[in-house]
Amino acid sequence: MRSGFFKTGVILLLISTMFTGCGRHDNPEETVAESATPEADVHNNELIKVGFAQVGHESDWRIAATESAMETFSEKNGFDLLYVDANNDPDMQMGAVRSFIEQKVDYIVIDPIVTKGWNSIMKEAKKAGIPVFIIDRMIDCDEDLYVAWFGSDFVAEGEAAGAWLEAYLNDKGRGNDNIDIAVIAGTEGSSAQIGRSKGFDRYIDSKPNWNKLDETDGEFTKNGGRRVMDEYIKKYDNIDVVVCQNDNEAWGAMEALKSVGKKYGEEGTVIISFDAVYDGLSDVLEGNINADFECNPLSAPYVADAIRKLDRGEQVTKKINYIDEACFQHEDNIKSIVVNGHTMDMITVTWDVLLERAY
Ligand code: AHR
């Protein structure tokens, strides 16, 4: 825990802090009193100690998210980062959070591998007076146990994929054909997997001519995508569409299809993907992936802003914060889709689009 200006006054306040936007201050009066002397914070020059429990390093998206967090919570930005890569192991991740609590960090940031099992550790953090932020994936727990969440609307991403596929098939004159769809899912029990499956299933359920052949966990990895696609190729004679819940799985699926001489993308089996990282969009540009739905990995800067606000004694009032995301396609045939009542433009990937990519 930092010492100096905050040491005595705020630590006492922490005990009763409710993390409902007041952060380390339990009433607005104290907030005003502290923000009246902002120079004290600047002069004591203490680093803010943040413990970040990351999912792992399973995908290119994850690497981009980690790099962004490292850069955001760097010493030059005023942070002392304790970083743990949980290697996709929920027990290890919860152990990391427990160790952050023991080390009395100032703030905890969690990108939860799975949604379940967090309640008691979140209560421990609250009891210790440490504000917790959740990023990217979500957890199932009482809302008053964390300050705020910043991440993607995974259900909307899944729905966008369904809406695009419907428009694409109509455009190809295949709107009434029987369409066999195989899904390579992300890590089972993660909110990214749950949301994308739920959103896409809404379309499957509403279309009698769409048949979901299978949905198997590919763990958001290229190897997982390859393994699952190898199984699907053996099991099913015909697959019209493969929905891969991230770009790494799509690369594994393409490798499997290529190994048996099957064409994909613009020339064969339709490939839908999520994330839209640089290499994923390159495949969209080349027509290997037909459509890719963005998942933005840059949530750490939003958390850093919120931490600075709390530190200045300001409030963080919004609990759930969705980051804006875009939809990409290879062919310039679908202008827009409607997701949840909102019209979203379909961006056709060109070299210019690719060169603007930040991750
Ligand atoms: O939680 C976000 C998902 O996790 C991304 O789609 C995937 O690439 C990552 O590993």
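One-based numbering, in listed order, for ligands and for the atoms of each. These numbers come from a predicted model, not from an experiment.
You'll find the side chain of Asp275 stays beyond 4.5 Å of the side chain of Glu294, heavy atoms only. Counting heavy atoms from C-beta on, the side chains of Ile323 and Leu298 never come closer than 4.5 Å. Looking at heavy atoms from C-beta onward, Gln54 lies out of side-chain contact with Val84 at the 4.5 angstrom threshold.
Between the side chains of Asn248 and Asp60, at least one donor N or O lies within less than 3.5 Å of an accepting N or O.
Within ligand 1, counting atoms from 1 as listed, the ones closer than 4.0 Å to a heavy atom of Ser59 are 7 (C), 8 (O), 9 (C), 10 (O). The ligand atoms of ligand 1 that sit less than 4.0 angstrom from a heavy atom of Asp136 are 1 (O), 2 (C). Remark: ligand 1 atoms within the under-4.0 Å shell around heavy atoms of Glu58 are 4 (O), 9 (C), 10 (O). Here is the list of ligand 1 atoms found below 4.0 Å of a heavy atom in Ala192: 1 (O).
In terms of modelled atom types and a separation under 3.5 Å, the side chain of Ser282 and the main chain of Tyr278 share a donor-acceptor contact. Side-chain atoms of Gln315 never come within 3.5 Å of backbone atoms of Thr317 as a donor-acceptor pair (strictly under, hydrogens ignored).
Heavy atoms of Arg196 come nearer than 4.0 angstrom to ligand 1 in at least one pair.
Of all protein heavy atoms, the one lying nearest to atom 8 (O) of ligand 1 is Asp275 OD2, 2.5 Å.
Inclusion of Arg137 in the set of residues having an N or O under 3.5 Å from an N or O of ligand 1 is warranted.
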